There are 2 protein chains.
Amino acid sequence: MSNPPTLRKERERAVREELILTHARRLLLSNGFQGLSLDELARSIEYSKGTIYLHFDSKEDIALAVTTEALRERSNLFERATRFQGLSRERARAIGFACCHFMVTNPDYFNIDMMMKSQSFWDRASDKQREAYLTQSGRCFRSLQQVVLAAFEAGDLPAGSLPPEQISMAMASVTVGSHIMAEIPGLKMLAGIEDPIKMVRNNQDLLLDGLQWKPLLRDHDYNATDQRIRAEIFPEATWLKPG
Amino acid sequence: MSNPPTLRKERERAVREELILTHARRLLLSNGFQGLSLDELARSIEYSKGTIYLHFDSKEDIALAVTTEALRERSNLFERATRFQGLSRERARAIGFACCHFMVTNPDYFNIDMMMKSQSFWDRASDKQREAYLTQSGRCFRSLQQVVLAAFEAGDLPAGSLPPEQISMAMASVTVGSHIMAEIPGLKMLAGIEDPIKMVRNNQDLLLDGLQWKPLLRDHDYNATDQRIRAEIFPEATWLKPG
DNA sequence: ATATTTATTGACTCACGGTCAAAACTGACC
DNA sequence: GGTCAGTTTTGACCGTGAGTCAATAAATAT
């Protein structure tokens with residue numbers, strides 16, 4: 001039994017897996033799931049198709065892994081957001097900010113993510129990838145939950161109104177839904193949406209007001225908060241317009 | 001040139017198209033998009049595969065048509081809902097009710113609908129089907145919009161706060177998002193969601209409160225409203241639990 | 001009854017996801 | 001440095017299934 005080569009092999013394997021995912025993401029984003037050809041992918045990475053199947057069980061498995069990688073990135077942003085120093089609702093806003101920043105940075109991510117949630121896609125992925133995806137979902141959720149609990153402790157949310165998990169879910173729901181609605185080609189026109197991000201954030205504000213999360217939108221200068229969030233946590237977010 | 005036979009032909013064509021869609025829906029719902037085989041579909045309808053292609057451009061085209069049929073059904077429910085006699089927020093609630101009723105009646109619809117919105121699927125459908133889909137989306141949206149405008153007229157929504165289209169979009173967003181979140185396998189457990197429908201309606205309530213849509217949740221007995229909605233508009237909705 | 005147009009077919013192609021026996025490579029042992 | 005068991009990698013091959021189109025059947029016109 002030789003250890004050094006084994007370790008090297010593992011490292012090389014990890015590198016190759018990353019190589020596969022990098023190219024898979026590129027193909028997936030440019031041609032969609034249907035346009036992702038495993039023959040082309042094999043050619044891109046300069047390994048054979050068989051080798052790809054040493055890493056992943058199916059095409060769907062690869063797509064889910066790509067999605068999970070992006071989701072991990074999103075979780076990281078969320079965790080950074082929770083570290084914002086401020087009122088509880090400002091911290092919640094920082095998470096909303098993170099989410100929008102992610103959307104701007106990864107404009108095509110939602111398409112793939114939504115697709116993978118369709119039963120017939122989800123079912124064809126491996127347990128391993130499914131678990132990894134749920135782990136990252138959990139991380140996102142926990143970031144939210146942490147801020148919600150802090151809000152209860154600070155008395156910024158009315159005690160006993162709703163269980164905290166439900167509040168986190170509501171926040172996630174409005175965000176996901178807004179992103180989706182913003183992407184529907186025809187409705188954007190129909191509803192006169194000019195700036196999708198603005199809509200998302202707007203809807204988040206409405207929900208938090210509905211939850212009576214203090215301070216309410218009208219009682220605080222959240223534009224200033226946004227500027228602080230950007231300056232202190234997400235200096236790379238160049239999309240935020242002043243005012 | 002013969003007219004009578006032409007009319008009959010058109011009728012027969014429409015019947016056959018419906019036949020295709022009926023069977024396509026069955027296969028789609030039971031096996032998912034991947035499991036929908038055009039050979040099997042052809043066998044089901046007792047016509048050849050070529051004939052299917054006289055009606056639809058691609059597999060995606062068929063799937064979109066199935067989706068649109070369901071969406072048309074949903075639009076019908078929405079329009080019925082707008083006819084509820086009551087306060088503006090009660091009418092909005094009736095639409096929320098309709099949406100939940102639809103979800104209960106068509107539990108797998110959202111999967112397909114979400115999939116069709118992915119770029120690579122949408123792109124493979126025909127213009128004709130895309131337009132039909134957007135037409136039905138528009139009908140849903142307009143039902144919502146109608147109730148929102150009525151709310152402004154009645155003074156139940158604070159004037160000048162937000163443009164009505166944006167309010168409609170927010171309502172649609174929170175609903176769509178809640179449905180999606182409710183369906184994610186792992187998160188349901190993580191967040192302790194027991195009744196997905198309850199969550200959807202809850203989130204809708206929170207948003208409408210956030211919009212200051214009078215009367216607020218705490219100022220009105222909306223359980224009674226639900227009972228009336230069911231009795232007067234949706235007697236077939238057996239899922240509504242009393243209380 | 002026959003010609004012409006229209007409707008329908010299903011065998012065929014081709015692309016692609018997935019497999020696996022064979023080839024290439026590795027490193028342990030003499 | 002040569003041999004060989006074990007491991008890794010390969011790419012030709014398979015089955016499936018979407019989409020096509022020349023051939024056929026049915027309907028209609030003459």
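So you know, we letter chains A, B, ... as the sequences are listed, proteins then strands, and number each from 1. Keep in mind that what you see is a predicted model, and the values were worked out from it rather than measured.
We find that CD of B:Glu10 is positioned 11 Å from P of C:dA7, with the value rounded to whole Å. As a whole-Å value, the separation of A:Arg124 CZ from D:dT16 P is 13 Å. Computed from coordinates, the A:Ile52 CD1 to C:dG17 C1' distance equals 11 Å when rounded to whole Å. Distance B:Glu46 CD to C:dT8 P: 15 Å, rounded to the nearest Å. When rounded to the nearest whole Å, the span between CG of A:Asp57 and P of C:dT19 equals 9 Å. Following rounding to the nearest Å, B:Glu40 (CD) and D:dA18 (P) show an atom-to-atom distance of 10 Å. Rounded to a whole Å, the CZ atom of B:Arg43 is 9 Å from the P atom of D:dG17. Spacing between atom OH of B:Tyr47 and atom P of D:dA25 amounts to 18 Å, rounded to whole angstrom units.
In this structure, the side chains of A:Tyr109 and A:Thr67 come closer than 4.5 Å at one or more pairs of heavy atoms. Using a 4.5 Å heavy-atom cutoff, the side chains of B:Leu41 and B:Ile62 are in contact. Within the 4.5 Å cutoff, the side chain of B:Arg16 has heavy atoms near those of the B:Thr51 side chain.
With distances taken from any side-chain atom of B:Lys49 to the nucleotides C:dT9, C:dG18, D:dG19, the minimum falls on D:dG19. In the set D:dA18, C:dA7, C:dG10, the nucleotide with an atom closest to the side chain of B:Asp39 is D:dA18. Nearest nucleotide to the side chain of A:Tyr53, out of C:dT8, D:dT28, C:dG18: C:dG18.
A salt bridge is defined here as a Lys NZ or Arg NE, NH1 or NH2 lying under 4.0 Å from an Asp or Glu carboxylate O, and B:Arg25 with B:Glu73 fails to meet this definition. Ion pairing between B:Lys117 and A:Glu183 fails under the 4.0 Å rule for side-chain N and carboxylate O. B:Asp205 has a carboxylate O that lies under 4.0 Å from a charged side-chain N of B:Arg93, or vice versa, which qualifies the two as a salt bridge.
For residues 16-37 of chain B, proximity to DNA chain D is found at B:Leu36, B:Ser37, defined as any non-hydrogen atom under 4.0 angstrom from a strand atom. For DNA chain D, none of the residues of residues 58-68 of chain A falls under the heavy-atom distance limit of 4.0 Å.
Between B:Ser48 and C:dG10, a side-chain N or O to OP1/OP2 separation shorter than 4.0 Å is absent. For C:dT9, the OP1/OP2 oxygens have a side-chain nitrogen or oxygen of B:Thr51 closer than 4.0 Å.
Side-chain contact, A:Gln145 with A:Ser168: a donor N or O sits under 3.5 Å from an acceptor N or O. B:Asp61 and B:Tyr53 share no side-chain donor-acceptor pair at under 3.5 Å.
Ring geometry for B:Phe121 versus B:Phe33: interplanar angle over 60°, hence perpendicular rather than tilted (30 to 60°).
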